[in-house]
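Heads up: the structure comes next, in C-alpha cells.
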Protein chains: 2
Amino acid sequence: MEPVRKQTAAQTSSGGRPRSPRIHQAILKAAVDLVLESGSRAISMDDIAARADVGRMTIYRRWCNKAAIIMDAFVARVDPGTLFLPARSYTESIRLQMRSMAKAFRGKDGALIRALLAEAQFDPRLAVELRDRWTMPRRKMAISYFQRGIKDGLLRSDADPDAIIDILYAPIYYRLQMGTGPLSDAYVDEIFDHAMKGLRKV
Amino acid sequence: MEPVRKQTAAQTSSGGRPRSPRIHQAILKAAVDLVLESGSRAISMDDIAARADVGRMTIYRRWCNKAAIIMDAFVARVDPGTLFLPARSYTESIRLQMRSMAKAFRGKDGALIRALLAEAQFDPRLAVELRDRWTMPRRKMAISYFQRGIKDGLLRSDADPDAIIDILYAPIYYRLQMGTGPLSDAYVDEIFDHAMKGLRKV
DNA sequence: ATGGATACGATACATCTCGTATCGCACAAG
DNA sequence: CTTGTGCGATACGAGATGTATCGTATCCAT
C-alpha cells in the first residue's frame, strides 16, 4: 500500500533543489479555502493548483490525492497541546473539553473533519491516517485522563474508558454529521449532564 | 433543487409504455451487490447497468446518481415495522433495539448506511433524503417511546428524548464509521449500561 | 386493430477529472 | 561548472459523467 503523503526525495537523498516550504503552505491554504468555499467534492486538483498558483505536478509530487492534502492541512491546524485543561473540578474539565471540541466543529475544523470522515469511508489508507493522526492520539489522552478519574473514585470503577469516550464524544460527531440540531454549548452540557447522572430514574 | 429520484412520467401522464418494475428491482439488486463487493466509490453507473443487464439510459431515467439508487435500495431493505419490541422490561426493550441495530450494521445494512452517510456529506439533497427517510422516522418513534418512559417514571424526568437518543445511538454510528472496535452485543451492552447508570461515581 | 406516447437497449458525443510523462528552466550542493 | 532535483507548463490516455438520438418494444385509448 503506497503512502498517502509522498516522501520528500530531496531530503532523503543528497543533492538537488529542495522543495519550497512556501509552496507547501500555499497549497495547504488553497485547499482549505476552496473546501470551505465549495466543499471538498466540488473542487479538483486543478482548482487547488490554480488557486495556489502552482503547477499541478508540483502537488502530485507531494500528495497522492485531494484527501491527503486536506488531512495534512487539518492536522496542521489542530493544537497539539494538552487536551484537558484544569478547571473547577475534575469532571468540569471534561465538560470544558467537550465544549472546546464542539466549538472547533462549529467552525472551519468542522467542515474539514466532515470531509475527511466521509472520504475515509471510501479510502482505507485515509482511514488509517485519520485514526493514527487524529482519532487515536486524542483517545489515548482521554483514556489516561479517565483512568485517573476512575482510580481517584470520581468515575464509576466498572466503567471502561473506551465506552466513556464513546458516550460523551460520539454524540458530538453524530450531530456534526446528521445535522439533527445545533452543536451548541447547551447541547454539549445536556449530553454531559445526562451521561454523568445516568438516564434511568433512581 | 431537482429531485434525487425522478418522476415516473408514464404514471403521471396518461399513455405510454409503463416502466418495468422488474427492471427497477434488477437495478437495485445490482447496485447493492456491487456496493458490497467493491464499495460504492469504486463502481460506476456503467457497472451497475452491465450487472443489471440494462441500458445506462434506463438508470438515468429513474435516478440522478449512484447515491440515489443506493438510498432507495437501502430504504427498501429496512423493516418498516415496530422499532421497539416488547421485552422483559421497558429498559430491556431499549437494549434489544440497540442490539438489533448493531446487528444490522454488522451486516449488509452497515456497508450501505456507511456509504450513504459519507455521500450525504457532499450532497445536500441526499442528506435531506437520508434524514427524511431513515433518520427522522426512527428518531420520532424513539422519542415517543422515551417520552412514555419519562412519563411512567422509568427514565429521569429532566432528560430530553433527543439527548437520550444521541447518547445511546451515536456511539453505534461512531464505531461503525471509526472502526475503533467491533460492533458487538457486548459493546452495545456496555454503552447501554453505563448510559443508564451514569458515569459519575455516586 | 391502430395510432400516440413512453420505455428500453444501444451507441455516440462532449466534458471533466485523474494520474503520468515530458520538456525547459530554476536553484542548491559539491 | 556539473549534477540532481524542484518547478511550471503542456500533452496524453484512461475512465466517468450526463445528454442526445435512433430503432424497437409495449401499454393505453379510441
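Chain identifiers are assigned alphabetically (A, B, ...) following the order of the sequence lines, protein sequences preceding nucleic acid strands; residue numbering begins at 1 within each chain.
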Review point. When you measure from the side chain of D123(A) to the backbone N and O of R125(A), does any donor-acceptor pair fall under 3.5 Å?
Key: yes

Revision key, fill the gap. Here the distance between atom P of dG19(C) and atom CG of D123(A), to the nearest Å, is 10 Å

Review point. Within the distance-only criterion (no hydrogens, no angle test), does the side chain of K66(B) pair as donor or acceptor with the backbone N or O of S44(B) below 3.5 angstrom?
Key: no

Check your understanding: When you check the phosphate oxygens OP1 and OP2 of dG9(C), does a side-chain N or O of T58(B) lie under 4.0 Å from one of them?
Key -> yes

Exercise for review: For N65(A) and A67(A), indicate whether the former's side chain and the latter's backbone hold a donor-acceptor pair under 3.5 Å.
Suggested key: yes

Exercise for review: Indicate yes or no: does D33(A) engage K29(A) in a salt bridge with an N to O separation below 4.0 Å.
Suggested key: yes

For nucleotides 25-27 of chain C, list the nitrogen or oxygen atoms of the protein found under 3.5 Å from its nitrogen or oxygen atoms, one pair per line.
from	atom 1	to	atom 2	distance (Å)
dA26(C)	N3	R17(A)	NH1	3.1

Check your understanding: For DNA chain C, which residues in residues 20-29 of chain B have a heavy atom at a distance below 4.0 Å?
Key -> S20(B), I23(B)

Point to revise | ring pair (Phe, Tyr, Trp, His ring centres under 6.0 Å): pairs with one or both residues in residues 31-51 of chain A, sequence neighbours excluded | key: none

For residues 169-179 of chain A, which side-chain donor-acceptor pairs fall under 3.5 Å, sequence neighbours excluded?
from	atom 1	to	atom 2	distance (Å)
Y173(A)	OH	W134(A)	NE1	3.0
Y174(A)	OH	R139(B)	NH1	3.0
R175(A)	NH1	P182(A)	O	2.8

Review point. Taking atom P of dG9(C) as reference, at what distance in whole Å does atom CZ of R19(B) sit?
Key: 12 Å

Exercise for review: Decide yes or no for R19(B) and H24(B): does some side-chain heavy atom of the first lie under 4.5 Å from some side-chain heavy atom of the second?
Suggested key: no

Study note, to complete from the structure: When rounded to whole Å, the CD1 to P distance for the pair I59(A) and dA21(C) reads 18 Å

Review point. Under 3.5 Å, side chain of R106(B) to main-chain N/O of L183(B), donor-acceptor pair present?
Key: yes

Point to revise | Nucleotide dT20(C), atom C1' - distance to CZ of R61(A) in whole Å | key: 12 Å

Review point. Which parts of nucleotides 9-19 of chain D does protein reach within less than 4.0 Å, heavy atoms only, written one letter per nucleotide 5' to 3' as B for base, S for sugar-phosphate only and - for none?
Key: B-B----SBBB

Revision key, fill the gap. To the nearest 0.5 Å, atom CG of L130(A) lies from atom CD1 of I113(A) at 5.0 Å

What pairs of donor and acceptor atoms, side-chain ones from residues 141-149 of chain B against any protein atom, are under 3.5 angstrom apart with sequence neighbours left out?
from	atom 1	to	atom 2	distance (Å)
S144(B)	OG	M141(B)	O	3.1
Y145(B)	OH	Y90(B)	O	3.1
Y145(B)	OH	S93(B)	OG	3.3

Practice item. Side-chain contact test, heavy atoms from C-beta onward, threshold under 4.5 Å: evaluate it for I164(A) versus H194(B) and give yes or no. Key: no

